[in-house]
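Below is one structure; the comments refer to it alone.
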Amino acid sequence: MKKITEARFFKEFCATADNMYRLGWDERNGGNISLMLEEADADEYVKGRKTERLIPLGFDARELAGKYFMVTGTGKYFKNVKAEPEINTGIFRISADGQNAELLWGYEDGGKFTSELPAHLMSHIQRLKVDPQNRVVMHTHPTNLLAMTYVHELDTDAFTHTLWQMSTECIVVFPDGVEVLPWMLCGTNEIGEATAEKMRSARAVVWALHGLYGAGRTLDEAFGLVETVEKASQVYMLTAGLPRVNTITDEQLKMLADAFGVKYREGILKV
Ligand code: 13P
Ligand code: ZN
């Protein structure tokens, strides 16, 4: 069995957490990442390991039975992931009955997966139905996006339209827009179910007054999505109190979508 710490997926996971911290998105224990391992990676680095512990999931994840995940730990700081991944992250298999995580590596101080695991795994289940290649779900607290949820109406179409207008690349990077959830109690199955439901129609889900969820096929793709939403939110926050002299029109947004061949969310552009 090869050393997990030398696997490319592992290094990328730690580097992603590090970047998210560096960008100020993940203060203290804020944020969490889940990566579903490729079969080849699971074979090479994980499968032969003995189960260290069984950790109850608290919900039914049968649709992911036998799948392997690397997930950040609850209460753990992204700041520390790179230096001590064996404490701050863990790798587990979903048990055949979908009730437990079979811990194979990590959480070495007796810890466990993020409190937001319901939202992560339920989102994986939904995204896989839309895109069988989806592997990543990440939750984070990007500063400007969070600020924007205090001053912008929390309507999915209005929020998406504003973000699309904030930078030319937006409609190309997230043509399905962002879904917006009202404030809800975090760490619960209820917010998990609501997030997963929204993940059917978009890869980005805003948790008002809390943060953002992003999904993608790779860590880079999910990170890039969050990065682009956050950049657009920053432009919004930098300009929100100023008179708007110029804007990207709906016709121009449509031109962009047509030029890049993306199918954008319906009902938002008045063209
Ligand atoms: P965890 O420390 O359990 O991952 O929670 C962090 C967080 O962002 C809650 O929404
Ligand atoms: Zn959070």
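Counting starts at 1 for both ligands and their atoms, following the listed order. Everything numeric in this text was worked out from a predicted model, so none of it was measured.
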* Going by the ring pair (Phe, Tyr, Trp, His ring centres under 6.0 Å) test, name the single residue among Y213, F59, F69, F113 that passes it with H120. => Y213

Is [Y] paired with [X] through a side-chain N to carboxylate O contact shorter than 4.0 Å?
| X | Y | value |
| --- | --- | --- |
| R217 | D131 | yes |
| R8 | E38 | no |
| E39 | K47 | yes |

* Looking at the rings of F159 and W164, which for Trp means the six-membered one, are their centres under 6.0 Å apart? -> no

* Looking at the rings of F223 and W25, which for Trp means the six-membered one, are their centres under 6.0 Å apart? -> yes

* If waters are left out, how many protein N/O/S atoms lie within less than 2.8 Å of the Zn ion (ligand 2)? -> 3

* Considering residues, nucleotides and ligands other than R200, do more than 12 of their heavy atoms fall under 6.0 Å from its CZ? -> no

* To do: Find out if a path of hydrophobic residues (ILVMFWY) with successive side-chain heavy-atom gaps under 4.5 Å connects V173 to V180.
  => yes

* Asked: Would K2 and D41 count as a salt bridge (Lys or Arg N to Asp or Glu O under 4.0 Å) if you check the C-alpha gap in whole Å, the side-chain angles of each, and the deciding distance to 0.1 Å?
  -> CA-CA 10 Å; K2 287 193 183 170; D41 283 333; over 6 Å; no

May I have the N/O to N/O pairs between ligand 1 and the protein that fall below 3.5 Å, each with atom names and distance to one decimal?
residue: ligand 1; atom: 2 (O); partner: N29; partner atom: ND2; Å: 2.7
residue: ligand 1; atom: 2 (O); partner: G75; partner atom: N; Å: 2.7
residue: ligand 1; atom: 3 (O); partner: T74; partner atom: OG1; Å: 2.6
residue: ligand 1; atom: 3 (O); partner: S115; partner atom: N; Å: 2.9
residue: ligand 1; atom: 3 (O); partner: S115; partner atom: OG; Å: 2.6
residue: ligand 1; atom: 4 (O); partner: N32; partner atom: ND2; Å: 2.9
residue: ligand 1; atom: 4 (O); partner: T114; partner atom: OG1; Å: 2.7
residue: ligand 1; atom: 8 (O); partner: G31; partner atom: N; Å: 3.0
residue: ligand 1; atom: 8 (O); partner: H139; partner atom: NE2; Å: 3.4
residue: ligand 1; atom: 8 (O); partner: H141; partner atom: NE2; Å: 3.1
residue: ligand 1; atom: 10 (O); partner: E116; partner atom: OE2; Å: 2.5
residue: ligand 1; atom: 10 (O); partner: H139; partner atom: NE2; Å: 3.3
residue: ligand 1; atom: 10 (O); partner: H210; partner atom: NE2; Å: 3.0

